[in-house]
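See structure below.
Everything quoted here is computed from the prediction, not taken from an experiment.
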Amino acid sequence: MTTTPITATPRSTTDHVALVKLGDTDLTFIDPTQDLRNRTVTDSAGKDIGHVSALFIDREDHKIRFLQVSAGGFLGVGDRIFLVPVEDITSLEPLKVQLGHTLDTVKAAPLYDPALSNWHDAAFWNAYYTHYGFPAMTWPGY
């Protein structure tokens, strides 16, 4: 029996959207008070959702695109992680970020598990924009 070798087509880099966690780069804020990490996140009604555990930035223009919000768990164990576009922020306070959607909307967002993959195309990110009712990003340069 002859076997046919399997060839994999490499993923196109144009399909890959280069958003990275700010903490995985050597970039820092000029004004540290603008760093949203570790702030409490509340929904549109003021209910606590969790805290900002990371920020996803565009590798090319260094703009923050998404908040990674961790909710539940204890000391980081058992957290549920949500991605929220920064466009959903309605209010910023020194220790708090308020979103424009309810907790139920955030809970219903597409599943995000950072352990599954770090290769995300435009469709992956745009699913979050669509979920929250924002226009899909056009890549690159949004």
Side-chain angles (χ1 to χ4, degrees), residues 3-142:
T3 59
T4 306
I6 298 173
T7 58
T9 306
R11 294 179 194 208
S12 165
T13 56
T14 59
D15 291 339
H16 182 255
V17 177
L19 297 187
V20 294
K21 286 184 182 177
L22 178 62
D24 293 343
T25 72
D26 59 355
L27 299 171
T28 59
F29 284 95
I30 293 171
D31 178 359
T33 62
Q34 294 181 343
D35 191 347
L36 304 179
R37 290 174 291 187
N38 299 315
R39 291 188 191 191
T40 299
V41 177
T42 60
D43 74 357
S44 58
K47 284 185 186 176
D48 280 354
I49 295 175
H51 70 281
V52 178
S53 54
L55 300 171
F56 279 88
I57 64 166
D58 188 310
R59 187 185 296 271
E60 290 182 22
D61 63 13
H62 303 149
K63 289 183 181 177
I64 299 170
R65 301 294 187 193
F66 285 91
L67 307 176
Q68 177 180 297
V69 178
S70 296
F74 180 71
L75 298 175
V77 178
D79 280 356
R80 170 104 191 266
I81 298 173
F82 303 98
L83 293 180
V84 180
V86 295
E87 289 85 351
D88 198 44
I89 296 172
T90 59
S91 175
L92 289 174
E93 295 179 19
L95 299 175
K96 184 171 82 172
V97 174
Q98 185 165 17
L99 303 178
H101 283 87
T102 65
L103 175 60
D104 289 338
T105 300
V106 174
K107 284 181 177 179
L111 178 65
Y112 173 68
D113 185 346
L116 292 179
S117 173
N118 65 356
W119 183 273
H120 303 298
D121 62 9
F124 172 85
W125 297 108
N126 283 333
Y128 292 95
Y129 283 98
T130 300
H131 173 76
Y132 287 99
F134 297 108
M137 293 178 84
T138 55
W139 305 94
Y142 180 57

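- Note: S53 OG to H51 NE2 = 5.0 Å, rounded to the nearest 0.5 Å.
- Ring geometry, Y128 versus F124: the interplanar angle exceeds 60°, so the pair is classed perpendicular (tilted spans 30 to 60°).
- For the atom pair R59 CZ and D24 CG, the distance stands at 9.0 Å (nearest 0.5 Å).
- Counting heavy atoms from C-beta outward, L55 and R37 have side chains that approach closer than 4.5 Å.
- The residue from T90, L99, I49, D48 that alone fulfils the side chain to side chain contact (heavy atoms under 4.5 Å, CB included) condition with T42 is D48.
- Side chains of V41 and K96 form no contact here, defined as non-hydrogen atoms less than 4.5 Å apart.
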Test side chain to side chain contact (heavy atoms under 4.5 Å, CB included) applied to T40 and L95, step by step: CA-CA 6 Å; T40 299; L95 299 175; 5.8 Å; no

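- In this structure, R65 pairs ionically with D58, as a charged nitrogen and a carboxylate oxygen lie closer than 4.0 Å.
- Between the CG atom in N126 and the NE2 atom in H131 there is a gap of 14.0 Å [rounded to 0.5 Å].
- Within the 4.5 Å cutoff, the side chain of L36 has heavy atoms near those of the L92 side chain.
- Atom NE2 of residue H101 and atom OG of residue S44 lie 8.0 Å apart, to the nearest 0.5 angstrom.
- The closest side-chain heavy-atom distance from D88 to F134 is below 4.5 Å.
- If you check the side chains of T102 and D104, you find no donor sitting under 3.5 Å from an acceptor.
- The side-chain heavy atoms of L83 and F56, taken from C-beta on, include a pair separated by under 4.5 Å.
- Considering only heavy atoms from C-beta on, I57 stays 4.5 Å or farther from L19 through its side chain.
- The closest side-chain heavy-atom distance from F66 to Y112 is not below 4.5 Å.
- How far CZ of R39 is from CD of E93: 9.5 Å, rounded to the nearest 0.5 Å.
- Smallest separation of non-hydrogen atoms from V106 and F82: O-CD2, 3.3 Å.
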Derivation of the side chain to side chain contact (heavy atoms under 4.5 Å, CB included) call for Y129 and E87: CA-CA 9 Å; Y129 283 98; E87 289 85 351; 3.4 Å; yes

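- Q98 places none of its side-chain heavy atoms less than 4.5 Å from the side chain of I89.
- Interatomic distance, OG1 of T25 versus NE2 of H62, reported as 7.5 Å (0.5 Å rounding).
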Trace of the side chain to side chain contact (heavy atoms under 4.5 Å, CB included) decision for L27 with L22: CA-CA 7 Å; L27 299 171; L22 178 62; 3.9 Å; yes

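- Across every non-hydrogen atom of K107 and R80, the tightest pair is O-NH2, 3.4 Å.
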